[in-house]
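Shown next, in structure tokens, is the structure this report addresses.
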Amino acid sequence: MAIVALILCCFIFFPLAPIVGIGLAIAVLIRSRRGRNHGTKKAITGIAIGASGLALIVGLVGSAWWFTSGANIERDSIGAVTSNGTAWAMDLLVGDCYNDPKPGGVKSALGIVDVVPCAQEHRWEIYQLAPIPGTSWPGYSDVEERTYESCRAAFIRLTADNNDGLSLSTYSFAPTKDEWNAGDHHATCIAGNVFPSTGSISD
């Protein structure tokens, strides 16, 4: 029975198999308390493998659920967000406004953010995809520095005629080496407030 339980627990992509395997393994452990100690180690190993496998499956299903049900924002004819939803952070466009996901949650780990129309309260906005100078890959340190400089220059231009720059925090994302080599030479520039606000910083 212990051997069968261990084998079943290894079939993690057939959810019913590890469930049955864990049940058999528990039965082996119960019998061992009655003086039949054969297969105890196999039963414990099976429970560990089965439980880990089920946790993995739950994680994968949860990730797939967030991806399929989360990327559901709607846009108008000019690309502005018109409905609440969620999206991959890497897929956001200039002018998109969003809020932080719950720290430590599934969405946070996957890089999914809560997107809202900018007329609603939000914390962050993509204000520019700023071109990064250079043609060949500059290295991680240089691309980070160029990203900061490009976004900073764009931010100064955007807020030159108002006082928004005094109350906003900024940060930026640099392209990875693979993205750079694929032709993406733009910095993703983001600005926001500590407390939620409404409207776009470009208004």
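The figures here come from the full heavy-atom set of this structure, side chains too, leaving out hydrogens, waters and symmetry mates. It should be emphasised that the depicted structure is a prediction, and the values quoted were computed from it without experimental measurement. Numbers here simply count residues along the sequence, with the first being 1.
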Distance, nearest 0.5 Å, that separates NE2 of His122 from CG of Asp114: 13.5 Å

pair Thr147-Pro175: side-chain heavy atoms closer than 4.5 Å: yes

ILVMFWY network linking Trp124 to Ile126, side-chain heavy atoms under 4.5 angstrom: yes

Closest contact, heavy atoms only, Cys151 versus Ala130: N-CB, 4.3 Å

Min side-chain heavy-atom separation Ile201-Tyr127 under 4.5 Å: yes

Basic-acidic side-chain contact under 4.0 Å: Asp96, Arg75: yes

Side-chain touch Asn84/Val115, heavy atoms, less than 4.5 angstrom: no

Polar side-chain atom of Asn193 near backbone of Pro196 as donor-acceptor pair, under 3.5 Å: no

Nearest-0.5 Å distance that lies between atom OH in Tyr148 and atom CZ in Phe155: 10.5 Å

Geometric class of the Trp137/Trp180 ring pair [parallel <30°, tilted 30-60°, perpendicular >60°]: perpendicular

Inter-residue atom distance Phe195.CZ - Glu121.CD, 0.5 Å rounding: 12.0 Å

Atom pair CD/CG of Gln128 and Leu158 - distance to nearest 0.5 Å: 8.0 Å

Single-linkage hydrophobic cluster, 4.5 Å side-chain cutoff, Leu93 and Tyr98 together: no

Min side-chain heavy-atom separation Tyr140-Lys177 under 4.5 Å: yes

Nearest non-hydrogen partners of Glu125 and Cys97, listed with the distance: CG-SG, 3.8 Å

Heavy-atom check, side chain of Thr170 versus side chain of Ile190, under 4.5 Å: no

Spatial distance of atom OG1 (Thr176) from atom CG (Asn181) [nearest 0.5 Å]: 8.5 Å

Phe173-Val113 co-clustered via ILVMFWY side chain contacts under 4.5 Å: yes

Polar side-chain atom of Glu144 near backbone of Ser141 as donor-acceptor pair, under 3.5 Å: no

Closest non-hydrogen atom pair between Pro133 and Arg146, with its separation: O-NH1, 2.9 Å

Rounded distance (nearest 0.5 Å) linking atom NE2 of His185 with atom OG of Ser150: 12.0 Å

Flag, side chain of Ser172 to backbone of Thr188, donor-acceptor distance under 3.5 Å: no

